[in-house]
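Since the structure comes first, as C-alpha cells, the remarks are kept for the end.
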Amino acid sequence: MQNQKSNRIDFANTLRGFAALAVVISHYYGVFWSSRAAVEVLTNAPMLPFETHAIPIYVSLLNAFSLFNWGAYGVALFFIISGFVIPFSLQKTSWFGFTINRMLRIVPTYIVGFSITLVAILISSHYFSREWPFTTQEVLIHYIPGIRDVLWSRGIDGIVWTLEIEMKFYFVCALLIVLFRKQSTMVFLAPTFIFIASIVINKYIPGWGNTDARLWQLAMTFMTVSQYIIYMFIGVVFHYVQRGRIERDKAYLLIGVIFCLFCLQWYIGPAAAGITVAWSYAFALLTFIFAFTYQDFFRSNKFFDFLADISYPLYVIHGVAGYVALRILLDLGMKAWVSLLIVTGGCIFLSWVLHKLVEKPSQRVGKKLAGYFIIKKNDCRVNNEVAVSHLN
C-alpha cells in the first residue's frame with residue numbers, strides 16, 4: 001500500500017486519466033458529428049453528409065447538457081493539474097534543468113504525434129482526391145510547439161493551442177522559480193499583473209487591427225494565452241495548500257478571485273462570444289476541489305493509471321488521425337458505433353505504443369539531464385516522482 005503522501009499525489013494522476021477520457025469523448029462523440037465544417041477543414045475531406053449520417057442518439061445523449069462541454073472540461077482539468085504539479089518540479093532544479101526536462105517531455109512525443117497527423121491528412125487527401133492543403137512553412141512551424149501562435153501560422157492538428165499555453169505557463173513558472181522555491185505567496189501577484197496587462201492591451205486591440213496587423217496578432221495571442229495562464233494558477237493555489245503554505249479557507253477565497261479574473265478577462269476580451277464555455281471550466285474546478293478534498297476516492301487504479309500514462313500521446317494523435325479514420329470507415333459503409341469502437345481502440349493502442357517507444361525514453365533522458373542541475377536543499381522533502389510525471 002502507498003503511503004499517505006503518495007496517495008495525495010495519486011489523485012491528480014487519476015484525474016489526468018479522466019481528463020484524457022473526457023477529451024476523447026468530446027472529439028469522437030461530439031465534435032466529429034456536430035462540427036462537420038471544422039472537421040472537413042482539419043481532415044481535408046468532404047463534409048460528412050447529414051442525409052446519410054445523422055447524429056447517433058448516444059452522441060446526442062452524451063452532449064444533452066448544453067452548458068457542459070466535454071473537451072473544455074478535460075482541457076480545464078489538464079490546466080489545473082499542470083498548475084498543481086509543475087511547482088513540485090521547480091523545487092530541486094535550476095531554471096535551465098527545468099526547461100530541458102520540460103522540452104524533452106513535450107517535443108519528441110509531439111514531433112512523432114504530429115507526423116502521424118500529417119500522414120493521416122495525406123491519406124485523407126489521397127482517398128478523397130484532394131490537394132495537399134498546407135505549405136512547407138506552415139508544417140515546419142507546427143513542429144515546434146509554442147511558436148505557431150506567436151508567428152500567427154495556421155493550425156493544423158486542432159490541439160496544439162493547449163500545448164502552446166502550457167509552454168508559456170512553464171516560461172512564467174521559470175521566471176518565478178526563486179519565489180516557487182521559497183514557497184512564497186508572492187507568486188500569486190503574477191495572475192494579477194497578467195490580468196491588468198490584458199485589460200490594457202485589450203483596449204488597444206481595435207486600433208491595432210486598423211493600423212498594425214503584426215501588433216494586433218501578438219495582442220490577440222497574448223489575450224488568449226494569458227486568459228488560460230490565469231486559470232492555471234488555480235492549480236498553483238492547490239499546490240500551496242498541499243505544501244501547507246496556505247490555509248484552506250484562504251485558499252478557496254484566492255481560488256474564487258482567480259477564477260473571477262479568468263472569467264472577467266474572457267468576458268471583456270476578443271473571445272467574449274464563447275464565454276458560456278467557462279461553465280465547463282467551473283465544472284472542472286469543482287471536480288478538482290472534490291478530488292482534492294476526498295483523495296481516498298481517487299487513489300491509484302489500473303484503468304485511470306493507464307489512461308494517465310498514455311494521456312499525452314493520446315491527446316497529441318487522437319484528433320485529426322481519428323477523424324480521418326472515422327470519415328473513411330463511414331464512407332466505406334461501416335456502422336457508426338463500429339467505426340467509433342475501432343477508432344477509439346486503435347488510437348488508445350497507438351498512444352500506448354508511442355508512450356512506450358517515444359515518451360518514456362525521452363522522459364528518462366530529460367530527467368537524467370535535469371539531474372545535473374539539481375539544487376540540494378534541506379527543505380525540499382517532496383515526493384516528485386509522481387508529481388513531475390505530468391505532461392500535457
Side-chain angles (χ1 to χ4, degrees), residues 4-20 22 73-93 98 101-102 105-106 162-163 165-174 176-177 179-181 183-185 187-188 190-191 228-248 250-259 262 281-300 304-305 307-309 311-312 315 380 382-392:
Q4 184 178 0
K5 185 171 287 189
S6 178
N7 283 337
R8 291 178 66 83
I9 306 300
D10 278 347
F11 88 93
N13 203 49
T14 300
L15 284 183
R16 219 173 115 200
F18 187 69
Y73 173 78
V75 167
L77 275 178
F78 277 130
F79 282 162
I80 297 178
I81 294 167
S82 187
F84 175 72
V85 303
I86 289 302
F88 282 109
S89 59
L90 293 168
Q91 296 299 316
K92 288 187 176 182
T93 186
F98 170 76
N101 191 22
R102 289 292 104 190
R105 286 170 176 271
I106 288 180
T162 59
L163 296 182
I165 292 167
E166 286 272 352
M167 298 290 280
K168 293 169 181 67
F169 176 70
Y170 298 159
F171 176 73
V172 171
C173 289
L176 301 173
I177 191 168
L179 294 177
F180 274 114
R181 287 213 203 96
Q183 299 180 45
S184 170
T185 55
V187 297
F188 297 108
Y228 295 106
I229 288 179
I230 289 172
Y231 183 83
M232 294 172 80
F233 268 89
I234 291 175
V236 178
V237 178
F238 284 106
H239 171 87
Y240 272 61
V241 176
Q242 178 90 351
R243 300 294 300 275
R245 293 291 295 134
I246 300 179
E247 297 176 0
R248 291 202 177 212
K250 295 179 181 178
Y252 289 134
L253 176 61
L254 181 56
I255 288 169
V257 171
I258 294 176
F259 186 76
F262 163 71
Y281 283 77
F283 294 141
L285 174 55
L286 291 175
T287 301
F288 196 93
I289 290 174
F290 181 82
F292 186 81
T293 304
Y294 302 101
Q295 296 182 21
D296 284 344
F297 292 113
F298 293 85
R299 290 185 178 182
S300 176
F304 284 110
D305 283 352
L307 288 178
D309 286 343
S311 61
Y312 178 51
Y315 191 79
C380 290
V382 295
N383 185 351
N384 281 340
E385 189 65 27
V386 176
V388 179
S389 68
H390 169 68
L391 212 183
N392 176 27

- Message: Within this structure, what is the CG-CG distance for the pair Asp10 and Asp296, rounded to the nearest 0.5 Å?
- Response: 10.5 Å
- Task: Rounded to the nearest 0.5 Å, what's the gap from CD1 on Ile106 to CD on Glu166? Could you check?
- Result: 6.5 Å
- Looking at CD1 of Ile234 and CZ of Phe79, how far apart are the two atoms once the value is rounded to the nearest 0.5 Å? 12.0 Å
- Taking C-beta and beyond as the side chain, do Tyr240 and Leu254 meet within less than 4.5 Å on heavy atoms? no
- Note on the structure: Nearest heavy-atom approach of Ile258 to Val237 is CD1-CG2, 3.7 Å
- Item | Worked verdict on Met232 versus Ile165 for side-chain contact (heavy atoms from CB on, under 4.5 Å) | CA-CA 10 Å; Met232 294 172 80; Ile165 292 167; 3.9 Å; yes
- Item | Side chain to side chain, Asn101 and Phe98, heavy atoms closer than 4.5 Å | no
- Message: Tell me if a side-chain donor or acceptor on Gln91 pairs with a main-chain N or O of Phe180 at a distance below 3.5 Å.
- Response: yes
- Query: Considering only heavy atoms from C-beta outward, does the side chain of Tyr231 approach that of Ile80 to under 4.5 Å?
  - Reply: yes
- Message: Consider ring pair (Phe, Tyr, Trp, His ring centres under 6.0 Å). Of Phe297, Phe290, Phe84, Phe304, which one does Phe11 pass it with?
- Response: Phe84
- Item | Among Phe78, Tyr228, Phe259, ring pair (Phe, Tyr, Trp, His ring centres under 6.0 Å) partner for Tyr281 | Tyr228
- Return the orientation label for the Phe169 and Phe233 ring planes: parallel under 30°, perpendicular over 60°, tilted otherwise. perpendicular
- Item | Polar side-chain atom of Gln295 near backbone of Phe292 as donor-acceptor pair, under 3.5 Å | yes
- When rounded to the nearest 0.5 Å, the distance separating CG of Leu90 from CZ of Arg181 is 7.5 Å
- Would a 4.5 Å heavy-atom cut-off, applied to side chains only, mark His239 and Ile86 as touching? no
- Item | Pairwise side-chain contact, Lys250 with Leu253, heavy-atom cut-off 4.5 Å (strictly under) | no
- Can you name the nearest heavy-atom pair linking Leu15 to Ala291, along with the distance? CD1-CB, 3.6 Å
- Message: Could you work out, with side-chain contact (heavy atoms from CB on, under 4.5 Å) as the rule, every residue matching Ile289, not counting sequence neighbours?
- Response: Phe238, Tyr252, Leu285, Thr293
- Item | Euclidean distance, Leu179 CG relative to Cys173 SG, rounded to 0.5 Å | 11.0 Å
- Indicate the atoms forming the closest heavy-atom contact of Pro87 with Ser82, along with that distance. CD-O, 4.3 Å
- Query: Considering all heavy atoms of both residues, which atom of Ala190 and which atom of Leu176 are nearest to each other, and what is their separation?
  - Reply: CB-CD1, 3.8 Å
- Query: Would you say the side-chain atoms of Ser311 pair up with the backbone N or O of Ala20, donor to acceptor, closer than 3.5 Å?
  - Reply: no
- Message: Nearest 0.5 Å, please: how far is CG in Asn13 from CG in Asp309?
- Response: 6.5 Å
- Query: More than 12 heavy atoms of other residues, nucleotides or ligands under 6.0 Å from CZ of Phe188: is that the case?
  - Reply: yes
